[in-house]
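Just below is one structure, and these are the notes that go with it.
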Number of protein chains: 2
Amino acid sequence: MEISLVEENYIKAIYKLQSLNEGEGVSTSDLSRHLKNKAASITDMLKRLSLKKLIQYQKYQGVFLTAKGEKIALAVVRKHRLWEVFLTEKLHFSWDEVHDIAEQMEHIKSEELVKRLDRYLGHPKTDPHGDPIPDDKGLFRALQSKTLSHYKRKGKFIFTGVTEHSPAFLQYLSSINLKIGQALLIEQVNEFDGSLKVRINKQQPCFFSEKVSANILVEAIK
Amino acid sequence: MEISLVEENYIKAIYKLQSLNEGEGVSTSDLSRHLKNKAASITDMLKRLSLKKLIQYQKYQGVFLTAKGEKIALAVVRKHRLWEVFLTEKLHFSWDEVHDIAEQMEHIKSEELVKRLDRYLGHPKTDPHGDPIPDDKGLFRALQSKTLSHYKRKGKFIFTGVTEHSPAFLQYLSSINLKIGQALLIEQVNEFDGSLKVRINKQQPCFFSEKVSANILVEAIK
DNA sequence: GCCATATTTTAGGCGAGCCTAAATTTTTTG
DNA sequence: CAAAAAATTTAGGCTCGCCTAAAATATGGC
Ligand SMILES: [Mn+2]
Ligand SMILES: [Mn+2]
Ligand SMILES: [Mn+2]
Ligand SMILES: [Mn+2]
């Protein structure tokens, strides 16, 4: 069964929204927002994906991936993240430039290519944004990091990833020299607006708004 | 102006057939054969490419690329051949496996990607099949090699490329240890069928049928 | 020059993937 | 609980890229 590029993008979107949704089916309007297509177009495609047994779909009830659909989603995510590693590690793109290119490359169809790319890159476990890369069976360790705003306390943390991938946000993090794997020292928590005073390395401290710290994933140390 | 993947493939096909045709316009039936689409579909697309000023098209008269069309063709060819180099040099695919994958990768849209890929590969001048890689302005040295069957005489030659890219043919060449850049010693020419007795390195001699030598490009030595 | 054949174009149709407008169903809310 | 609002689906239409069948044009042989 052939799966088109567009179908792959829908499957990937359903996968992503499903993982945020915790159990709920993914709604037409969520997909409409995420894919920037009109709701009527979404319904159209959901019917087709349902015929192909890639999703479970009942009118007005939201949608779930089948095992088959999830397998495809994971394969596309794997390719996306491997290509992002290639682009940063080998071609020296910065982490805010790789997403749109990987968005195209994730649709290249060749299992052998993915296998060799993975080996070439040294079987990386995470992409440049800290997201885990599923292995060839679709398995990956569930991310146990939480957002900085979740902790909302002083202490030392390791920066492990981002939940927001926009170039603007990523460039901001680069501008304050924040890279994945680095330590963050939260020196002060401002209760009224949730902002944080943060020290990175031995640099001048900087301030994270609630919006920033909500998109920064960390692991607490000790 | 957006150019679709399918349009790129048509443009590339016209470019290729045009270069064989020497001055003649490319015919609908040539394109039909080459692209494995029905002639009616070809006519359809020619009208659209003509509207976009990518080709010059007059009913029943065959078709020519415009300067704009040729620029696109060269950009796609450049990407195709760079990716073939990547696949063989970095991922260690053999030269008979890369074409179908490059056929997909040539459509990735990102000028920065091509620039960096080219640098990463060390600005290669030819692809794994000996075909020249256009530079970022679309320039490349015209291939001056001729086919072995063109020479049809004894002597020493350097194997510089192939005109046939089918896996079967390429695998045959690999099986007799023939690689690009190698010397070929033609020891005997059989007039009646055009076959050749050839020595590669110091191996046992082998015999090339007319069909084989018509697809092997060489440069004469001395 | 005329006829047969080959090539090319036109006409009409189809699926994928999008849209707008209208109808339907679900959810919220007073 | 009924009305309003929001979400979703249906209906109908569009472009792209393909097809088959039929019509038009070009070409080659006599
Ligand atoms: Mn990404
Ligand atoms: Mn994509
Ligand atoms: Mn292609
Ligand atoms: Mn090639």
Side-chain angles (χ1 to χ4, degrees), chain A residues 1-14 17-18 20-21 23-65 69 72-73 76 103-104 106-107 109, chain B residues 1-14 17-18 20-21 23-65 69 72-73 76 103-104 106-107 109:
Chain A
M1 186 197 32
E2 284 299 292
I3 291 156
S4 74
L5 184 151
V6 173
E7 286 172 330
E8 284 189 349
N9 282 339
Y10 272 80
I11 295 285
K12 201 176 60 145
I14 294 167
L17 295 173
Q18 194 169 268
L20 303 176
N21 247 3
E24 290 291 295
V26 177
S27 72
T28 300
S29 50
D30 280 354
L31 284 165
S32 174
R33 243 187 314 281
H34 195 249
L35 292 168
K36 298 175 195 313
N37 289 335
K38 298 298 169 180
S41 311
I42 305 293
T43 304
D44 238 43
M45 178 59 91
L46 293 185
K47 287 179 190 166
R48 264 174 286 142
L49 293 176
S50 185
L51 277 177
K52 289 191 170 184
K53 312 273 186 207
L54 300 174
I55 61 173
Q56 237 187 294
Y57 171 60
Q58 291 184 85
K59 279 203 225 178
Y60 298 101
Q61 302 305 300
V63 76
F64 298 85
L65 289 179
I72 291 166
V76 174
E103 204 60 43
Q104 300 179 63
E106 72 191 2
H107 302 291
K109 285 177 171 48
Chain B
M1 185 195 34
E2 285 298 293
I3 291 156
S4 73
L5 183 151
V6 173
E7 287 171 331
E8 285 188 347
N9 282 338
Y10 271 80
I11 295 283
K12 200 176 59 145
I14 295 167
L17 295 173
Q18 194 168 267
L20 303 175
N21 247 4
E24 290 290 295
V26 177
S27 72
T28 302
S29 50
D30 281 353
L31 284 165
S32 173
R33 244 187 314 281
H34 193 81
L35 293 167
K36 298 177 197 310
N37 287 336
K38 298 299 168 181
S41 311
I42 304 294
T43 303
D44 238 43
M45 179 58 91
L46 293 184
K47 287 180 191 165
R48 264 175 284 147
L49 293 177
S50 184
L51 277 176
K52 288 191 172 184
K53 311 274 187 206
L54 300 174
I55 61 173
Q56 236 187 292
Y57 171 60
Q58 291 185 87
K59 279 201 223 177
Y60 297 102
Q61 302 305 302
V63 76
F64 297 85
L65 289 179
I72 291 165
V76 174
E103 202 60 44
Q104 300 178 64
E106 70 191 3
H107 303 291
K109 285 177 171 48

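A, B, ... follow the sequence lines: proteins, then strands. Residue 1 opens every chain.
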For A:S29, report the nucleic acid contact type (base, sugar-phosphate, nothing); a contact means any heavy atom under 4.0 Å. sugar-phosphate
Assign A:T28 to base, sugar-phosphate, or nothing according to its heavy-atom contacts below 4.0 angstrom with the strands shown. sugar-phosphate
Working to the nearest 0.5 Å, report the span between CD of B:E7 and NE2 of B:H107. 11.5 Å
Got a second to check how far B:I42's CD1 is from B:Y10's OH, nearest 0.5 Å? 4.0 Å
Are side-chain heavy atoms of A:V63 and A:L31 found at a separation under 4.5 Å? yes
Check the phosphate of C:dT7 against B:S27, side-chain N and O only, distance under 4.0 Å to OP1 or OP2. Yes or no? no
Closest approach of B:M45 to B:V6 (non-hydrogen atoms, all atoms of both residues): CE-CG1, 3.6 Å
Please report the closest heavy-atom contact between A:K109 and B:Q104, naming both atoms and the distance. N-OE1, 2.7 Å
Check: [Y] main-chain N/O paired with [X] side-chain donor or acceptor under 3.5 Å:
X: A:S32; Y: A:N37; result: yes
X: A:E8; Y: A:V76; result: no
X: A:N21; Y: A:G25; result: yes
X: B:K47; Y: B:Y57; result: no

Which sits closer to the 5' end of DNA chain C, A:A40 or B:S41, going by the nucleotide each is nearest to? B:S41
Find which nucleotide of DNA chain C each of B:R33 and A:K36 is nearest to by heavy atoms, and output the residue with the more 5' nucleotide. B:R33
Whole angstrom value for the distance that separates [atom2] of [N] from [atom1] of [X]:
X: A:L31; N: D:dT8; atom1: CG; atom2: P; answer: 9 Å
X: A:I3; N: C:dA16; atom1: CD1; atom2: P; answer: 14 Å
X: B:I42; N: C:dT9; atom1: CD1; atom2: P; answer: 10 Å
X: B:E2; N: C:dG17; atom1: CD; atom2: P; answer: 18 Å
X: B:Y10; N: D:dC16; atom1: OH; atom2: P; answer: 14 Å

Set out, line by line, the N/O atom pairs under 3.5 Å between protein and nucleotides 24-29 of chain D.
unit_1 : atom_1 : unit_2 : atom_2 : d
D:dT25 : O4'    : B:Y60  : OH     : 3.3

Which residues in residues 44-58 of chain A have a heavy atom closer than 4.0 Å to any atom of DNA chain C? A:D44, A:M45, A:R48
What's the closest nucleotide to the B:T43 side chain, out of C:dT10, D:dG17, D:dT8? C:dT10
